[in-house]
Amino acid sequence: MVSKLNTPGQRYMYRIRNLPLTLIHPPKGLAPLELGKLWRYRDLLYLFVWRDIKVRYKQTFVGTAWALLQPLIACLVLTLFFGKLARISSGEVPYPIFAYTALVPWTYFVNALTHSSNSLIFNSTIITRVYFPRLIIPISAVATGLLDFAIALLILFGLMVFYGIIPTPALLTLPFFMLMSLATALGFGLWLAVLNVEYRDIKFILPFLTQIWLFATPVAYPSNLVPEKWRIIYGLNPMAGVVDGFRWAILGTNPPHIPLLIASITVVTILLIGGLFFFRYKEDTFADVV
Amino acid sequence: MGNIAIRTVNLGKLFYLNQKKRGKLRETLEEKIRLSLKHLFTALSPDAKKNEKKHPFANKHIWALKNVSFEVKHGEAVGILGHNGAGKSVLLKILSQVTKPTEGYAEIHGRVGAMLEVGTGFHPELTGRENIYLSGAILGMTRREIKTKFDEIVEFSEIGDLLDMPIKYYSSGMQGRLAFAVAVHLEPEILLIDEVLAIEDISFKEKCLSKLKEIVREGRTVLFVSHNMDSLKTLCNRAILLERGKIVFDGDIKKAISKYLSGNPDAKL
Ligand SMILES: Nc1ncnc2c1ncn2[C@@H]1O[C@H](COP(=O)(O)OP(=O)(O)O)[C@@H](O)[C@H]1O
Ligand SMILES: [Mg+2]
């Protein structure tokens, strides 16, 4: 068959006969997630990530430095106020690395959440002019932050060497908790991104929200400061489970409180799946409203 | 199966005018509380029935398209005519799947490339080279396609040495040329083009027009929105005239243009 396609005319007719058919119709109810379609558009996902990283490192000439400094400065502040002044006990490990270990997933989470929440608005011109699965946008926003995450993690390994912390087998669970922080950022990010399209003040509320959130997360203090019977409720904040798990994986101390961790995992799962469907449900209106 | 490229059946698109208004969560909550209090009071008041129908946003909607049905065969170049707000852009947005119709349906046989506005996806901080890849991918080209067409695109755009400069340093004319160069190298068999010939540079405009003519001659299907009657006449044999979301004429391009020009351009809703 293919060998007969010698002239442009023949090739053209062959192409026309094998054209894909697209049906366009009004939105009907709950849309399927179409994760297969996301896979077909992975080039675009890669490109959005590449664009955001490139632009950021061009705009702020301290681009890389900022990725290093952000958690380090936060670590310094926490060490000063919580470690030295308030004398929060960090157990067997020195307070600075205790805090920094938590700040790595926390900083990633805050940045990824902020980016994904604003992602639909930042990309509004593209959304109103080109078709592609919109899920690509918030997903690329949380993926972009992984570079900073990796850099912060390298510094963390450096600090481990400096403080003479020897990894335990718990380190093998680190990828799981990294994935969980990504899922948490995306889970919340999907909801907020959609709401942000309709309610533009989400953007201004978010910084306050994350500030309060920080205190509801065991970043500056250990989670065993929370009374045992409250920990499962405390775990409803998925970042509590992430930070606890992260600390255990790196420092090898205090394994996560199981009910707390289960609560966190449950919340993330529900939030993420719900968020994906909510996003798909609202997706058709983005181009008209954004 | 025939050789239909596009078929639309009773396509309609409804917009609520308050939809576009960017609300604030706080205001919306306040409004909701205020309205529900108000509803509560009116419901409790003796003439509740009389007030019932007065929904605050009732009637504030517009059918941007209504009962739009037409067929386009493979290889046809069709102009879309209509005054501002007639629904031309909405039609192309539905056909390129950017937005969904409210009613009716459409069938598209083939891949669609859309130039709904040149420069889609351009980022001012990135260089011309980077933007060619970015915009090309956003418009639906694969990385391989862009690579093979890269030199052609650069040559067409006439940006020369500026290729590796951030495009924020380009003049707007130059950005337009680059954007058009990328868009015009799209492969798909169906092209939707919305007012991209609003170029000031006359010689470049000629070049674009002849490139578009070439695309039509290749036997690709083109839907072409333009306010430039001369270029429409050279590109298309057929045109669809839209008025307030409805098709009022579909046929010979010259008749369509004279009908379009005889209509009062100030006629608005
Ligand atoms: N996102 C939107 N929200 C509300 N109304 C819209 C939106 N987009 C278009 N409209 C309305 O639909 C009508 C058709 O618009 P459009 O297709 O852009 O016209 P044109 O023929 O000039 O391209 C106009 O009345 C416009 O105000
Ligand atoms: Mg228009």
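Chain naming here is simple, since letters A, B, ... match the order of the sequence lines and numbering starts at 1 in each.
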So which atom in A:V268 and which in A:A183 form the shortest heavy-atom distance, rounded to 0.1 Å?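 Reported closest heavy-atom pair: CG1-CB, 3.6 Å.
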Using a 4.5 angstrom heavy-atom cutoff, name the option from [options] with the most pairs to chain A.
options                       : value
B:K13, B:E107, B:E103, B:E130 : B:E130
B:L126, B:T142, B:V9          : B:L126
B:K93, B:R7, B:E125           : B:E125
B:G140, B:A106, B:A5          : B:A106

Donor + acceptor pair across side chains of B:D194, B:S89 (<3.5 Å):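 Judged by distance alone, the side chains do pair up.
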Quick check, are the ring centers of A:F48 and A:Y41 under 6.0 angstrom apart?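 No, the ring centres sit 6.0 Å or more apart.
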Less than 6.0 Å separating the ring centroids of A:W213 and A:F109?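 Close enough - the centres of the two rings lie under 6.0 Å apart.
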Measuring heavy-atom distances to chain A, does B:L11 have an atom under 4.5 Å in its side chain, in its backbone, in both, or in neither?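 Nothing of B:L11, per the 4.5 Å heavy-atom cut-off to chain A.
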Counting only N and O atoms by type, is there a donor-acceptor contact under 3.5 Å from the side chain of B:R111 to the main-chain atoms of B:P188?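 Such a contact is absent between B:R111 side chain and B:P188 backbone.
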Between the main-chain N or O of A:I126 and the side-chain N or O of A:R129, is there a donor-acceptor pair closer than 3.5 Å?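 Looks like no, no N/O pair under 3.5 Å.
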Contact origin within A:L195 toward chain B - heavy atom pairs under 4.5 Å: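 A:L195 has no heavy atom closer than 4.5 Å to chain B.
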Under 4.5 Å heavy-atom distance to chain B, tell me which part of A:L44 shows up: side chain, backbone, both or neither.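 The side chain, not the backbone.
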Largest heavy-atom contact set with chain B, pairs under 4.5 Å, which of A:I202, A:N123, A:T128: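 Answer, by heavy-atom pair count under 4.5 Å with chain B: A:T128.
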